[in-house]
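Chain letters run A, B, ... following the sequence lines, proteins first, then strands; residues in each count from 1.
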There are 2 protein chains.
Amino acid sequence: MNNHEKYTRYSGAQSVTEALKFLEGRWKLLILFQLFGGQIMRFSELERAIPGITQKMLGQQLKQLEKDGIIKRTAYPEVPPRVEYSLTQWGQDLCPALDALLTWTGKRPR
Amino acid sequence: MNNHEKYTRYSGAQSVTEALKFLEGRWKLLILFQLFGGQIMRFSELERAIPGITQKMLGQQLKQLEKDGIIKRTAYPEVPPRVEYSLTQWGQDLCPALDALLTWTGKRPR
DNA sequence: CAGGATCCGAAAAGATACTG
DNA sequence: CAGTATCTTTTCGGATCCTG
């Protein structure tokens, strides 16, 4: 292998590593899957839809996903407060990659 | 959304979560990228090729990857010992999924 | 309703030393 | 060479209580 190929492999690893950091942790994918297909959900809806998640973890992960540009948060200045979450375009773009991972899992020998 | 779609989304999340468990951690992808393309590498080669990894982490991750059926370990009964690592077929099958993730990373808005 | 703040235990990662 | 054992440090997740 030449140096170019070495470099390509290494930089690919770095990029994918970075990509996985956006998804890592026990809850992020469970949240994202709730939002796929253009769903719009409120905080309490997500809380109910994801069994076992605590408010702390939900809030924490939502904040990170928003900061990473994967989901969008919309707050309405009402009483009681209402906040809605949805995927950004980039968040929707994740679908094919997750499908590919699903396919891979399906190929797993047993 | 009906219950079937609910279930499908949930089970998809579970499967992808499971898939990511095979890849999670800071080092596994860096190891795998060294082996893509049918490379065969020894323990010490991997150690040198992956900056910052410790022997402990390398050994630990290699053991898990082997147990998960992603890489193959071949030990030669020599002195000094020689051990070679390569991808299994399933390990090679991972390529498209990682490519999809790379594509996704590339789409990231800045 | 939608969270933030705090404390705690478990788990993962890292540093270092040792071995067949 | 190819690891393992041990110890320390860091990170993660959960429980609980509080607030605009």
Side-chain angles (χ1 to χ4, degrees), chain A residues 13-14 16-35 39-68 70-87, chain B residues 13-14 16-35 39-68 70-87:
Chain A
Q14 294 300 76
V16 177
T17 299
E18 191 192 356
L20 287 191
K21 279 180 58 177
F22 294 130
L23 308 176
E24 117 191 320
R26 191 175 154 187
W27 302 110
K28 284 189 187 149
L29 285 176
L30 294 172
I31 295 170
L32 292 181
F33 267 82
Q34 295 296 326
L35 300 175
Q39 303 302 326
I40 298 174
M41 292 181 78
R42 303 181 55 168
F43 190 92
S44 54
E45 282 184 288
L46 287 167
E47 196 182 344
R48 277 190 302 274
I50 302 172
I53 199 169
T54 62
Q55 288 187 322
K56 172 190 168 181
M57 294 313 293
L58 181 55
Q60 212 172 75
Q61 306 302 303
L62 285 172
K63 191 178 289 182
Q64 283 187 38
L65 288 168
E66 186 201 1
K67 171 170 155 285
D68 291 338
I70 298 172
I71 66 174
K72 185 159 59 76
R73 177 185 188 274
T74 311
Y76 299 89
E78 305 171 356
V79 180
R82 179 163 60 101
V83 180
E84 292 182 344
Y85 294 92
S86 59
L87 292 178
Chain B
Q14 295 298 78
V16 176
T17 299
E18 191 193 357
L20 288 188
K21 278 181 58 177
F22 294 129
L23 308 175
E24 118 190 316
R26 191 175 153 188
W27 302 111
K28 285 189 187 150
L29 285 176
L30 295 172
I31 295 170
L32 292 180
F33 266 82
Q34 295 297 327
L35 300 175
Q39 302 303 326
I40 298 174
M41 292 181 78
R42 302 180 56 167
F43 189 92
S44 54
E45 283 185 287
L46 287 167
E47 195 181 345
R48 276 191 303 273
I50 303 172
I53 198 168
T54 61
Q55 290 187 319
K56 174 189 167 183
M57 293 312 292
L58 181 55
Q60 211 171 77
Q61 306 302 305
L62 285 171
K63 192 178 289 184
Q64 282 186 39
L65 287 168
E66 188 201 358
K67 172 170 154 286
D68 290 338
I70 298 173
I71 66 174
K72 183 159 61 78
R73 178 185 186 274
T74 311
Y76 298 90
E78 303 170 357
V79 180
R82 180 164 59 100
V83 180
E84 293 181 344
Y85 293 93
S86 60
L87 292 178

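- Note: CD (B:E24) to C1' (C:dA11) measures 11 Å, nearest angstrom.
- B:L58 places its CG atom 10 Å from the C1' atom of D:dA2, with the value rounded to the nearest Å.
- Not a single donor-acceptor pair under 3.5 Å links the side chain of A:E24 to the backbone N or O of A:K21.
- Partner of B:V16 under the side-chain contact (heavy atoms from CB on, under 4.5 Å) criterion, chosen from A:L23, A:L32, A:L29: A:L29.
- With distances taken from any side-chain atom of B:Q60 to the nucleotides D:dA2, C:dG3, C:dA13, the minimum falls on C:dA13.
- Look at A:K63 and you won't find any side-chain N or O under 4.0 angstrom from OP1 or OP2 of C:dG3.
- Taking only side-chain nitrogens and oxygens, B:R48 never comes nearer than 4.0 Å to OP1 or OP2 of D:dC1.
- As a whole-Å value, the separation of A:R73 CZ from C:dA2 C1' is 8 Å.
- Note that the CD atom of A:Q61 and the CZ atom of A:R26 stand 11.0 Å from one another [nearest 0.5 Å].
- The interatomic distance linking B:E45 (CD) with D:dA2 (P) rounds to 8 Å, in whole Å.
- Between B:R42 and D:dC1 there is no side-chain N or O to OP1 or OP2 distance below 4.0 Å.
- The CD atom of A:Q34 lies 14.5 Å from the OH atom of A:Y85; values are rounded to the nearest 0.5 Å.
- Residue A:F43 contributes atom CZ, which lies 6 Å from atom C1' of C:dA2 at whole-angstrom precision.
- Whole-Å rounding puts the B:E47 CD to C:dT16 C1' distance at 14 Å.
- Rounded to the nearest 0.5 angstrom, A:L62 CG and A:L58 CG are separated by 4.5 Å.
- C:dC1 atom P lies 16 Å from atom CG of A:L62, rounded to whole Å.
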_Return a single string for nucleotides 15-20 of chain D, one symbol per nucleotide in 5' to 3' order, where B is base contact, S is sugar-phosphate-only contact and - is none, cutoff 4.0 angstrom on heavy atoms._
B----B
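- In this structure A:F43 satisfies the ring-ring contact (aromatic ring centres under 6.0 Å, His included) test with no other residue, sequence neighbours excluded.
- Between B:I53 atom CD1 and B:I31 atom CD1 the span is 4.5 Å, to the nearest 0.5 Å.
- Here D:dA5 presents its C1' atom at 15 Å from CE of B:M57, a figure rounded to the nearest Å.
- Contact annotation: B:Y85 side-chain N/O to D:dC1 OP1/OP2 distance is not under 4.0 Å.
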